[in-house]
**Q** 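For reference, the structure I am asking about is given below.
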Amino acid sequence: MRLEILLTMLFFFAGTGLSGYALCRVLRLKKEGILFRILCGILLWWALMELILVPMTMRFQSFHRFTAVYSAVIALCCLAGVFCWREILEDVRELPQKLREHLTFGHLAALALIAYQLSFIHHHMYLEWDDAYYVNLANAAVYSDRIYWVYPETGAFADFDKRYVLSLWPVFYAWLSRLTGVLPTIMAHTILPWIVVPSAYLVYVLTGRELFRDDRGLQGMFLALAVLMHLFMSGEHTAGITFLSITPWVGKGVLAAVLLPALFLLILRTAGREQAGNWILLGIACLGGCLLSSMGILLTPVLVGAAVLTVAVYKRSVCYLCRGAAACIPCVVLGIYYIYLTR
């Protein structure tokens with residue numbers, strides 16, 4: 001299983017990295033570094049899945065057809081990233097120097113804590129009762145070749161549950177399962193944490209750089225504090241800060257641990273430098289958040305809207321507010337469609 005973990009991590013982070021380079025070139029976001037481009041690729045993969053998955057689910061398309069379409073789109077994104085080989089080589093050459101400049105005692109302490117967290121999750125697995133529904137949804141997709149046609153708890157053919165049909169996160173690791181040949185349950189509980197946990201702390205690394213641009217020590221302390229909070233400051237198993245340590249495969253956990261902090265990071269970027277590319281990336285992140293959980297359709301525009309309104313009032317800028325509202329359009333459209341489905 002260690003080989004499967006390593007290969008899946010390599011596929012995911014290499015693929016999202018290439019996709020991120022392609023996206024940053026399109027958005028004209030230059031000199032951002034490898035880590036930021038990986039984050040861009042992750043958000044792009046999730047947004048593309050939501051964009052493809054919702055209409056295919058509504059049209060009752062088969063899972064193997066979805067896998068073919070989505071895999072082809074991801075392959076095109078990765079291929080586009082290959083054409084950014086000059087930027088990739090430049091960033092790889094600069095990587096050793098940047099590591100020497102940025103790596104502090106705080107970063108080393110955080111890396112040790114992250115390794116402990118991953119080891120703990122790997123050897124002491126927590127089984128959430130929601131797994132009977134969500135993980136079985138992935139199993140049903142792979143083995144029945146149907147996206148949400150089969151009720152995951154009973155195996156009966158049924159109309160899809162309107163509460164979840166717009167946010168089918170389990171299909172993401174069902175897709176990884178189909179590509180790798182690993183059972184969906186094993187993919188969720190054993191392999192996916194090795195993707196989600198590094199992705200979460202990747203966001204905190206970038207947020208620390210954004211908050212403390214000129215102080216490497218504070219950046220390391222910020223990352224170490226973030227890891228400590230996730231490890232030791234949780235009060236109950238349903239708290240957002242707890243999900244990363246016990247159920248990193250659950251969609252609402254990924255929403256709380258990865259997507260919402262990423263939105264905060266992107267809002268900081270739009271407030272600091274109002275490039276059009278940053279606003280488009282914020283919209284992509286909002287769409288990707290809708291894949292993770294039904295709560296993402298609501299929480300994402302609430303967070304973005306409140307933050308953008310606050311910054312717009314501070315800057316006295318109506319344009320800033322309008323751009324923020326435009327970034328929330330995917331959530332608004334899906335929210336209206338959700339109301340239509342459930343009325």
Side-chain angles (χ1 to χ4, degrees), residues 16 19-32 36-56 58 73 76-77 80 165-169 203 206-207 210-211 251 254-256 258-342:
T16 53
S19 302
Y21 272 95
L23 179 62
C24 286
R25 173 175 284 191
V26 172
L27 300 182
R28 298 181 180 179
L29 299 175
K30 301 178 180 179
K31 300 293 182 181
E32 297 290 353
F36 181 77
R37 295 175 197 269
I38 291 175
L39 176 62
C40 291
I42 293 172
L43 298 175
L44 178 62
W45 277 27
W46 292 348
L48 288 173
M49 176 164 278
E50 179 73 358
L51 196 63
I52 295 169
L53 183 58
V54 170
M56 292 193 74
M58 295 303 174
V73 172
L76 288 175
C77 292
V165 70
L166 299 181
S167 304
L168 294 178
W169 164 250
V203 176
L206 295 171
T207 303
E210 194 70 27
L211 290 172
V254 183
L255 177 71
V258 181
L259 199 282
L260 295 181
L263 289 176
F264 177 74
L265 167 65
L266 296 177
I267 291 166
L268 286 177
R269 287 177 57 87
T270 59
R273 40 193 184 279
E274 296 185 33
Q275 296 172 267
N278 284 323
W279 288 109
I280 297 172
L281 186 58
L282 183 61
I284 290 172
C286 289
L287 179 57
C290 297
L291 171 72
L292 303 176
S293 171
S294 300
M295 292 186 294
I297 299 175
L298 174 63
L299 290 179
T300 298
V302 168
L303 172 62
V304 174
V308 166
L309 177 61
T310 302
V311 176
V313 171
Y314 175 77
K315 290 189 169 190
R316 298 178 183 178
S317 172
V318 177
C319 290
Y320 188 91
L321 182 61
C322 292
R323 291 168 183 166
C328 295
I329 287 177
C331 302
V332 174
V333 171
L334 287 171
I336 293 171
Y337 190 47
Y338 178 84
I339 294 171
Y340 168 76
L341 288 175
T342 55

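In this chain, residues are counted from 1 in sequence order. From a predicted model like this one, the values you see are computed outputs, not experimental measurements.
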**Q** Yes or no on side chain to side chain contact (heavy atoms under 4.5 Å, CB included) for Met49 and Leu168, after CA distance, side-chain angles and deciding distance?
**A** CA-CA 9 Å; Met49 176 164 278; Leu168 294 178; over 6 Å; no
**Q** Anything under 3.5 Å between a donor and an acceptor, one on a side chain of residues 283-296, the other on a protein residue two or more places apart or in another chain? List them.
**A**
from, atom 1, to, atom 2, distance (Å)
Ser293, OG, Met295, N, 3.2
Ser294, OG, Arg163, O, 2.4

**Q** Rounded to the nearest 0.5 Å, what separates atom CG in Leu211 from atom CG in Leu206?
**A**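 If we round to the nearest 0.5 Å, Leu211:CG and Leu206:CG are 11.0 Å apart.
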**Q** Write down the atom of Gly20, the atom of Cys40, and the distance for their closest heavy-atom approach.
**A**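 Scanning both residues completely, I find the closest heavy atoms to be CA-CB, 4.1 Å.
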**Q** Identify every side-chain donor-acceptor pair in residues 301-315 under 3.5 Å, counting partners at least two apart or on other chains, and give the distances.
**A**
from, atom 1, to, atom 2, distance (Å)
Thr310, OG1, Ala306, O, 2.8
Lys315, NZ, Ala271, O, 2.7
Lys315, NZ, Glu274, OE2, 2.9

**Q** Between Leu166 and Glu50, what is the shortest heavy-atom contact and its length?
**A**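 Answer, listing the atom of Leu166 first, then Glu50: O-OE2, 2.6 Å.
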**Q** Nearest 0.5 Å, what's the SG-CG distance between Cys328 and Leu282?
**A**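 Here the interatomic distance stands at 7.0 Å.
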**Q** Working to the nearest 0.5 angstrom, can you tell me the gap between Ile297 CD1 and Leu255 CG?
**A**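 It comes to 10.5 Å.
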**Q** Say you draw a straight line from OG1 of Thr270 to CG of Asn278; how long is it, rounded to the nearest 0.5 Å?
**A**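 The CG atom of Asn278 is 7.0 Å from OG1 of Thr270, to the nearest 0.5 Å.
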**Q** Once rounded to the nearest 0.5 Å, what's the spacing between atom CG of Leu51 and atom CE of Met56?
**A**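 Reported to 0.5 Å precision, the distance equals 12.0 Å.
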**Q** Please step through side chain to side chain contact (heavy atoms under 4.5 Å, CB included) for the pair Leu260 and Phe264, ending with a clear verdict.
**A** CA-CA 6 Å; Leu260 295 181; Phe264 177 74; over 6 Å; no
**Q** Please report the shortest heavy-atom distance between Phe36 and Leu281, naming the atom on each side.
**A**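 So the minimum-distance heavy-atom pair works out to CZ-CD2, 3.6 Å.
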**Q** When Val203 is tested against each of Leu266, Leu39, Ile42 for side chain to side chain contact (heavy atoms under 4.5 Å, CB included), which residue passes?
**A** Leu39
**Q** Could you walk me through whether Val258 and Trp46 pass the side chain to side chain contact (heavy atoms under 4.5 Å, CB included) test, one step at a time?
**A** CA-CA 12 Å; Val258 181; Trp46 292 348; 4.0 Å; yes
**Q** Got a sec, which pairs hit salt bridge (charged side-chain N to carboxylate O under 4.0 Å, His left out) with one end in residues 258-270, sequence neighbours left out?
**A** Glu32-Arg269
**Q** Please examine the side chains of Leu44 and Cys77, heavy atoms only from C-beta on, and report whether any two atoms are closer than 4.5 Å.
**A** yes
**Q** Between Leu259 and Val254, is the side chain to side chain contact (heavy atoms under 4.5 Å, CB included) condition met? List the steps.
**A** CA-CA 7 Å; Leu259 199 282; Val254 183; 5.9 Å; no
